[in-house]
Amino acid sequence: MRLPLRPPVFSGGLHDARTATVVGRLLGLAVLVCFLTGLVSHLLQEPPAWLAGQLPTRPVSGYRFTQGLHVISGTAAVPLLLVKLWTVYPRLFVRPALRGAVHALERLSIAVLVGATLLELFMGLLNTTQWYPWPFDFRSVHYALAWLIVGALLVHLAVKAPEIAAHWRRRPAAGPDAPAGAGEPPVVRADRRSLLIGLGAAVGTVTAVTAGQSVTPLAALDLLAPRHPDAGPQGLPVNRTARAAGITPHALRTWRLAVTGPTGFALTLDQLRALPQHSATLPIACVEGWSKSAHWEGVRIKDLLARAGLPDGARLRVVSMQTHGGYRVTEMERAYTRDDLTLLALRLNGAVLSPDHGYPARVIAPDRPGVLQTKWVTRLEVVPE
Ligand SMILES: Nc1nc2c(c(=O)[nH]1)N[C@H]1C(S)=C(S)[C@@H](COP(=O)(O)O)O[C@H]1N2
Ligand SMILES: [Mo]
């Protein structure tokens, strides 16, 4: 009698260790870049005390670069991961499934690695489309999964080190002069070449049609990216509209900018416009992967602090008129408040801020995640030490 479930037979030549190593190297590179740029993003969004005082504000597009790379490497990792899984999946059918405790641990680490990486890339991809269909906080889960992946990956690399080392370099081709068993059939090499060319084309294509959301010269190719950098009023995309933030005409009519401090004050928009105006060309670099540079005009935050009797480089709490939702209140570290380029912007690209870009006033600071560039600002408070 036959068992109803027989292990399948895999005759293809590309479910081998050399293919797994070659694809694994590329995937490993993408994961490394994605992890490091993700760490940068995490540190800038929630700086620990030791870093808070010395956050870099130059180059002004530093975060645009690292976050662009984060989303590009994460997107490129999707086809790389799929091909890697296809290469190794026959190993699921090797019997016996478990050969003792150490082997069981190794299999478990692979299960964690594959599960966490699939989830991480899927969550990240949905995030670039601004879709958060889960009840938990995206950022803390994305961050925790990243460390889980790194841990499981290190275990995986340690376990597979001998196999990786053996297949890192190409072995001499099979031929009449080669020692017996030295090489592999030329057809396998040709197949592998085709697979890698196809994989390269897939990675190149998904990168080319999405990278334009942060890399302006590629904007014309930006077919699949969720954001075109030119979409939106005043040539700049919008994440949350004034309407979605609950900004009402009444709230706008009674708007004042209040700055607390020893000589705190409240100013109308006309009074703010009468203060010395400065300009800066700075990008909005959204954590979700789109970036766009813009020309901003307004009052320096450091001038407002001085007027309120506050020392240069006070830490600020920035309060928006927004009535609900995240990022209504944000904190601005000293590195930004003492910077000449940090503005309470009143104008964007040569015109008064549009409602969706934060009219009457929003903050803009160099080398900073877009999510902290608070719109509809109505209050600046010093954070007590
Ligand atoms: N008050 C408030 N400010 C905000 C947000 C918000 O939801 N509320 N979104 C932020 C995010 S996520 C980004 S990327 C930028 C986008 O600015 P823009 O709409 O002017 O391009 O604004 C930031 N400022
Ligand atoms: Mo954002």
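In this text, all values refer to a predicted model and were calculated from it rather than measured experimentally. Along the sequence shown, residues are numbered consecutively beginning with 1. Remember, it's 1-based here, ligands and their atoms both numbered in the order they're listed.
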Is ligand 1 under 4.0 Å from a heavy atom in the side chain of [X], in the backbone, in both, or in neither?
{"X": "Leu236", "value": "side chain"}
{"X": "Arg240", "value": "side chain"}
{"X": "Arg362", "value": "side chain"}

Which atoms of ligand 1 sit under 4.0 Å from any heavy atom of [X]?
{"X": "Ser320", "value": "1 (N)"}
{"X": "Tyr327", "value": "1 (N), 2 (C), 8 (N)"}
{"X": "Gln373", "value": "22 (O), 23 (C), 24 (N)"}
{"X": "Thr374", "value": "1 (N), 3 (N), 24 (N)"}
{"X": "Cys286", "value": "14 (S)"}
{"X": "Asn239", "value": "12 (S), 14 (S), 19 (O)"}

*atom 20 (O) of ligand 1: which protein heavy atom is closest, and how many Å away?*
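Scanning the protein heavy atoms, the shortest distance from atom 20 (O) of ligand 1 goes to His357 ND1, 2.6 Å.
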Hey, is ligand 1 close enough to [X] that some N/O pair sits below 3.5 Å?
{"X": "Arg328", "result": "no"}
{"X": "Trp376", "result": "no"}
{"X": "Pro237", "result": "yes"}

When the ring planes of [X] and [Y] are compared, do they come out parallel, tilted or perpendicular, using 30° and 60° as the limits?
{"X": "Phe93", "Y": "Tyr89", "answer": "perpendicular"}
{"X": "Trp134", "Y": "Tyr132", "answer": "perpendicular"}
{"X": "His15", "Y": "Phe10", "answer": "perpendicular"}

Under 4.0 Å between a side-chain nitrogen and a carboxylate oxygen: does that hold for [X] and [Y]?
{"X": "Arg64", "Y": "Asp367", "value": "no"}
{"X": "Asp356", "Y": "Arg243", "value": "no"}
{"X": "Arg139", "Y": "Glu46", "value": "yes"}
{"X": "Arg91", "Y": "Glu163", "value": "yes"}
{"X": "Asp16", "Y": "Arg192", "value": "yes"}

*Which is closest to atom 8 (N) of ligand 1 in terms of heavy atoms, Gln322, Lys375, Arg227?*
Gln322
_Heavy atom to atom 10 (C) of ligand 1, shortest distance: which of Pro283, Ser291, Gly370 holds it?_
Gly370
*Within 45° of the ring axis of Tyr327 and under 6.0 Å from its six-membered ring centre, is that where the NZ or CZ of Arg240 lies?*
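No, Arg240 and Tyr327 do not form such a contact.
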*side-chain contact (heavy atoms from CB on, under 4.5 Å) with Ile364: which of Ile301, Ile284, Leu344, Leu348?*
Ile284
